[in-house]
Amino acid sequence: DTEVTQTPKHLVMGMTNKKSLKCEQHMGHRAMYWYKQKAKKPPELMFVYSYEKLSINESVPSRFSPECPNSSLLNLHLHALQPEDSALYLCASSFPARYTEAFFGQGTRLTVV
Amino acid sequence: DAKTTQPPSMDCAEGRAANLPCNHSTISGNEYVYWYRQIHSQGPQYIIHGLKNNETNEMASLIITEDRKSSTLILPHATLRDTAVYYCIVRVQPDNYGQNFVFGPGTRLSVLP
């Protein structure tokens with residue numbers, strides 16, 4: 001199994017809503033990543049978890065709250081988002097401390113209204 | 001991480017080889033070169049990676065110059081399905097804190113019939 005599964009595929013939320021994005025992998029990877037991608041731009045790194053601990057936070061606003069409850073799951077909790085936060089949110093996973101590839105999910109297309 | 005430079009766009013005729021260049025003149029000795037591609041609205045897909053030797057897999061070949069300051073991704077017989085944005089990424093030696101896959105603007109490859 002070389003899949004990273006993201007749910008939901010599409011999400012529309014209001015600016016006062018609270019929602020969560022979910023990412024799951026069963027490849028034994030202990031590094032997991034969240035990226036944000038705006039239209040016609042490359043993915044931008046948001047967070048990195050290594051061994052279920054947050055290791056990198058690229059100065060992301062607090063309205064985005066990551067969580068890694070176990071080695072297979074990664075969540076991104078969303079609260080009080082702005083319309084400019086509308087984007088494709090990508091999850092990825094890899095082995096830390098190895099020169100191997102990262103696997104990406106297909107993303108969640110988020111629209112904030 | 002070393003910075004990479006890629007042409008913003010390229011065209012290739014279907015059935016011909018597509019040669020995508022990447023300049024990474026500030027690469028260090030322990031940094032690998034990775035290639036990913038992203039087909040419209042999908043998650044990035046891993047293609048290949050290498051350190052200093054040329055590499056080949058079922059998707060592509062990676063040619064790294066002897067001084068490691070540049071590389072070329074070769075798709076030997078391009079098809080319409082290879083139309084995508086191709087990203088060249090240089091990564092530092094991984095550690096237990098996870099690793100950054102930092103994407104540059106990439107090259108938009110259009111395979112023409």
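Residue numbering restarts at 1 for every chain, and letters A, B, ... go by the order of the sequence lines.
Between the A/Y35 side chain and the B/F101 main chain, a donor and an acceptor come within less than 3.5 Å of each other. Without hydrogens or angle criteria, B/Y36 side chain to A/A102 main chain gives a donor-acceptor distance under 3.5 Å.
The contact list for residues 41-56 of chain B toward chain A, using heavy atoms and a distance under 4.5 Å, reads B/S41, B/Q42, B/G43, B/P44, B/Y46, B/H49 by residue number. For residues 60-71 of chain B, heavy-atom neighbours of chain A at less than 4.5 Å comprise no residues at all. Applying a 4.5 Å heavy-atom cutoff, the residues of residues 58-82 of chain A that approach chain B are A/E58.
If you measure heavy-atom distances from A/Q37 to chain B, the contacts under 4.5 Å come from the side chain alone. With a 4.5 angstrom heavy-atom cutoff, A/R109 touches chain B only via side-chain atoms. Contacts of A/K53 with chain B are absent, with no heavy-atom separation under 4.5 Å from either backbone or side chain.
Checked against the 6.0 Å centroid threshold, B/F103 and A/F104 count as a close aromatic pair.
Counting heavy atoms from C-beta outward, A/L90 and B/Q38 have side chains that approach closer than 4.5 Å. Side-chain atoms of A/T100 and B/Y34, non-hydrogen and from C-beta on, never get closer than 4.5 Å to each other.
Residues B/Y87 and A/P43 approach most closely at OH-CD, 3.8 Å, considering heavy atoms.
Criterion: ILVMFWY side-chain heavy atoms under 4.5 Å apart, direct or through other members. Under it, B/I74 and B/V111 are not part of a common hydrophobic cluster. By the criterion of side-chain heavy atoms lying less than 4.5 angstrom apart, applied directly or through intervening Ile, Leu, Val, Met, Phe, Trp or Tyr residues, B/L80 is grouped together with B/L20 in one hydrophobic cluster. Linking Ile, Leu, Val, Met, Phe, Trp and Tyr whenever their side-chain heavy atoms come within less than 4.5 Å leaves B/I39 and B/M59 in two separate clusters. A continuous path of hydrophobic side-chain contacts links A/L11 to A/V112 [ILVMFWY only; heavy atoms under 4.5 Å]. Transitive grouping of hydrophobic side chains (ILVMFWY, heavy atoms separated by less than 4.5 Å) brings B/M10 and B/L73 into a common cluster.
Here A/V12 is tied into one hydrophobic group with A/V113, each link being a pair of ILVMFWY side chains closer than 4.5 Å.
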